[in-house]
Chemist: 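Provided herewith is a single structure, encoded as structure tokens, for subsequent inquiry.
Counting begins at 1 with the first residue of the sequence. Atoms within a ligand are numbered from 1 in the order they appear, just like the ligands themselves.
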Amino acid sequence: MAANPRPTPPPDSDATLDFDVIVIGAGISGMYQLLRLREQGFRVRVFEAGTGVGGTWYWNRYPGARFDSESYSYGYSFSDELLAEWDWTEHFAPQPETERYLNHFADKFDLRRDIQFRSRVTAAVFDDDRRCWTVTLESGECRRARFLVTAVGPLSAPTMPRVPGIEDFQGQWFHTGLWPKEPVDFTGKRVAVIGTGATGVQVIQEVAKTAGHLTVFQRRPNWCTPLHNRKIDKAEMERIRAGYPALFQRCKETAACFVHTPDPRGTFEVTAEEREAFWEKLYASPGFGIWQGNFRDILIDREANRLLSEFVARKIRGRVNDRRVAEMLVPKDHGFGTRRVPQETFYYEVYNQPNVELVSILDTPLERITAAGVKTTAAEYAFDIIIYATGFDAITGSFDRIDIRGAGGETLKNRWKGGPETFVGVMVRGFPNMFMLVGPHTALGNIPRSIEYNVEWVTGLVAHLRTSGVTRADARQEAVDEWTDIVRHKAEGLLTNEVDSWMTGVNQNVEGKQVRILARYSGTAPEYRQRCDAIAAAGYREIEMR
Ligand code: NAP
């Protein structure tokens with residue numbers, strides 16, 4: 001790789017710009033980025049569309065929303081003081097607790113003074129003469145900064161079904177990802193939930209407790225497994241706290257930064273009895289163990305995956321009284337774990353309640369939303385409330401919604417129309433001085449763990465640019481090609497990538513997103529970090545600096 005040419009003097013000095021860095025989004029990543037850059041003396045402004053901090057945990061305040069990673073593995077790990085003072089009250093914290101935690105974080109580090117709320121970014125354009133980004137808000141306000149950091153989240157562009165009539169409905173309706181702050185009362189009401197992903201499952205469990213009648217419109221069923229949540233008392237919290245160093249060390253070593261990591265054994269290296277006993281143990285254990293802590297080959301060996309799927313199917317059939325309904329809930333088009341596994345608490349038992357009905361919209365598709373409710377090809381249903389748990393235009397969707405233009409005016413949306421191409425998931429060739437946090441082609445997994453690394457790496461890079469007097473940093477094409485090849489190589493043979501889901505970039509509700517793409521990096525997080533560390537240690541030779 002060619003050495004970086006000598007930096008040329010900046011065409012526009014930093015002092016004439018509004019900020020050194022503009023960050024889009026005040027969620028977990030945006031807030032941490034602000035803190036780290038501020039510590040380095042950068043002038044930073046965060047633009048946030050919402051009225052408060054938290055990102056995902058601000059917007060997704062639907063009933064039943066909660067972690068399905070262990071709470072204590074999900075918080076920020078960098079501050080001993082924060083770890084010492086914050087108590088989690090449940091192993092898998094509910095949304096209000098997480099939102100409180102993120103507000104506490106913002107207050108503790110005095111972040112709000114650099115966050116501008118109610119400020120949705122509509123456009124970001126790179127000015128190649130001045131080597132800066134001009135960021136435009138919905139209000140029309142424009143601000144310029146040398147660097148742009150996108151902290152927009154992989155699951156933050158909610159999508160509605162592409163059916164007519166949504167606005168015609170006379171009752172109340174909500175998308176789970178845009179849930180109102182005011183409580184919604186379901187008592188005695190006729191409620192519809194459309195969608196049965198991780199979100200739908202959580203909301204269904206909760207709404208079924210009070211709704212007069214709940215109708216669940218399910219397209220493709222998912223493989224759901226028990227969360228086994230429970231409260232944490234003071235004594236247990238002290239034990240967890242004492243174990244923080246070991247816990248975060250473990251998360252650094254595991255494939256996807258969870259406390260769970262694949263068992264080194266292959267499915268067929270044990271006897272049938274041992275296999276069954278192991279799966280029983282995992283099914284009875286909290287969290288993602290059955291998905292992330294299973295035999296190492298369950299997501300690559302078809303036969304192993306088939307056996308595990310049969311095991312989970314037996315569990316579903318054993319929990320749902322009506323055999324016809326049980327069959328509707330057992331996925332037939334994909335194996336266990338090849339899509340994100342929703343974590344549940346008596347989800348399947350909900351279908352034994354007299355007030356709950358399951359409608360398969362695979363068999364009888366949605367035709368339209370009417371003034372009274374929902375019309376499928378088979379029947380019309382009347383509702384007081386419709387809940388759309390229909391997911392997100394994932395990974396690239398939150399970028400697509402901003403008019404991002406790089407050097408020469410090309411839009412990022414256009415650049416990525418065949419799928420994203422990046423340099424370590426952080427940079428895009430032709431979009432100089434732009435850095436993505438948890439963007440496409442980075443290691444996701446237990447997201448806050450990935451975020452901390454991502455933010456620290458970007459901070460190191462931006463600090464390096466300043467020290468070297470660099471005002472224009474762009475990923476070299478060969479570095480992008482190399483990373484894209486790695487992403488492709490790591491995805492080979494994974495059953496996950498043979499299935500339509502947000503993880504493969506498919507969303508039937510979004511124009512042009514019907515075809516699978518390589519949206520995620522499927523290698524391990526330690527491998528990812530090792531590579532990024534090596535890039536930094538060698539002086540970022542993959543980046544063209546001027
Ligand atoms: P999702 O997994 O994409 O699920 C969307 C659901 O809506 C699917 O069941 C989908 O059916 C259905 N759907 C979409 N469009 C439809 C249409 N036009 N007609 C009928 N049904 C339609 O979205 P999500 O449940 O919001 O979850 C997204 C991700 O967010 C999760 O996988 C997870 O990573 C994250 N999440 C995390 C937590 C947590 O940590 N606690 C909680 C919730 C979500 P098809 O499957 O047939 O497309």
Chemist: For Phe392, take its heavy atoms, then give the atoms of ligand 1 lying under 4.0 Å from any of them.
Modeler: 26 (O)

Chemist: Flag Ala389 as yes when one of its N or O atoms lies below 3.5 Å from any N or O atom of ligand 1, and as no otherwise.
Modeler: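 Ala389 vs ligand 1: N/O contact under 3.5 Å present.
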
Chemist: Can you tell me which residue and heavy atom of the protein come closest to atom 30 (O) of ligand 1, and the distance to 0.1 Å?
Modeler: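 So the nearest neighbour among protein heavy atoms is Leu155 CD1, 3.4 Å.
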
Chemist: Out of all atoms in ligand 1, which are within 4.0 Å of some heavy atom of Phe67? Include the element for each.
Modeler: 41 (N)

Chemist: Just to be sure I read this right, does ligand 1 sit under 4.0 Å from the backbone of Arg66, its side chain, both, or neither, counting only heavy atoms?
Modeler: backbone

Chemist: Got the closest protein heavy atom to atom 44 (C) of ligand 1, with its distance?
Modeler: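 Looking at atom 44 (C) of ligand 1, the protein heavy atom closest to it is Thr199 OG1, 3.3 Å.
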
Chemist: Should you measure from each heavy atom of Ile194, which atoms of ligand 1 turn up under 4.0 Å away?
Modeler: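 The atoms of ligand 1 under 4.0 Å from a heavy atom of Ile194 are 20 (C), 21 (N).
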
Chemist: Can you list the atoms of ligand 1 that are under 4.0 Å from a heavy atom of Tyr62?
Modeler: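 Under 4.0 Å from Tyr62, ligand 1 has these atoms: 42 (C), 43 (C).
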
Chemist: Given that the side chain starts at C-beta and the backbone is N, CA, C, O, which of these parts of Thr176 lies under 4.0 Å from ligand 1, counting heavy atoms, or is it both or neither?
Modeler: neither

Chemist: Backbone N or O of Phe258 within a donor-acceptor pair of the Ser73 side chain at under 3.5 Å?
Modeler: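 Flag not set: sc Ser73 to bb Phe258 has no pair under 3.5 Å.
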
Chemist: Is the shortest distance from a Lys or Arg side-chain nitrogen in Arg302 or Glu498 to a carboxylate oxygen in the other one below 4.0 Å?
Modeler: yes

Chemist: Please list, in number order, the atoms of ligand 1 under 4.0 Å from a heavy atom of Arg339.
Modeler: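 Heavy-atom distances to Arg339 below 4.0 Å select 46 (O).
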
Chemist: Check whether any N or O atom of Ala198, backbone or side chain, sits under 3.5 Å from an N or O atom of ligand 1, and answer yes or no.
Modeler: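 It does: an N or O of Ala198 is found under 3.5 Å from an N or O of ligand 1.
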
Chemist: Return yes or no for this condition: an N or O of Trp57 is under 3.5 Å from an N or O of ligand 1.
Modeler: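 It does not: no N or O of Trp57 is found under 3.5 Å from an N or O of ligand 1.
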
Chemist: Looking at Arg368 and Pro164, would you say the former's side chain and the latter's main chain have a donor-acceptor pair under 3.5 Å?
Modeler: no

Chemist: Please identify which atoms of ligand 1 are closer than 4.0 Å to at least one heavy atom of Gly195.
Modeler: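 Those atoms are 6 (C), 7 (O), 9 (O), 12 (C).
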
Chemist: Heavy-atom contacts under 4.0 Å between Ile361 and ligand 1: side chain, backbone, both, or neither?
Modeler: side chain

Chemist: Distance under 6.0 Å and angle within 45° of the ring axis: does Arg250 meet both against Phe248?
Modeler: no

Chemist: Return the closest protein heavy atom for atom 38 (C) of ligand 1 as residue, atom name and distance.
Modeler: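 Here the closest protein heavy atom is Arg340 NH2, 3.7 Å.
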
Chemist: Could you give the distance from CG (Asp400) to CH2 (Trp416), rounded to the nearest 0.5 Å?
Modeler: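 Interatomic distance, Asp400 CG to Trp416 CH2, rounded to 0.5 Å: 8.0 Å.
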
Chemist: Classify the contact between Asp68 and ligand 1 as side chain, backbone, both or neither, using a heavy-atom distance cut-off of under 4.0 Å.
Modeler: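 For Asp68, backbone and side-chain atoms both sit under 4.0 Å from ligand 1.
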
Chemist: Report the residue from Glu236, Glu70, Lys231 that forms a side-chain hydrogen bond (donor to acceptor under 3.5 Å, both in side chains) with His91.
Modeler: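 Between His91 and the candidates, side-chain hydrogen bond (donor to acceptor under 3.5 Å, both in side chains) is satisfied uniquely by Glu236.
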
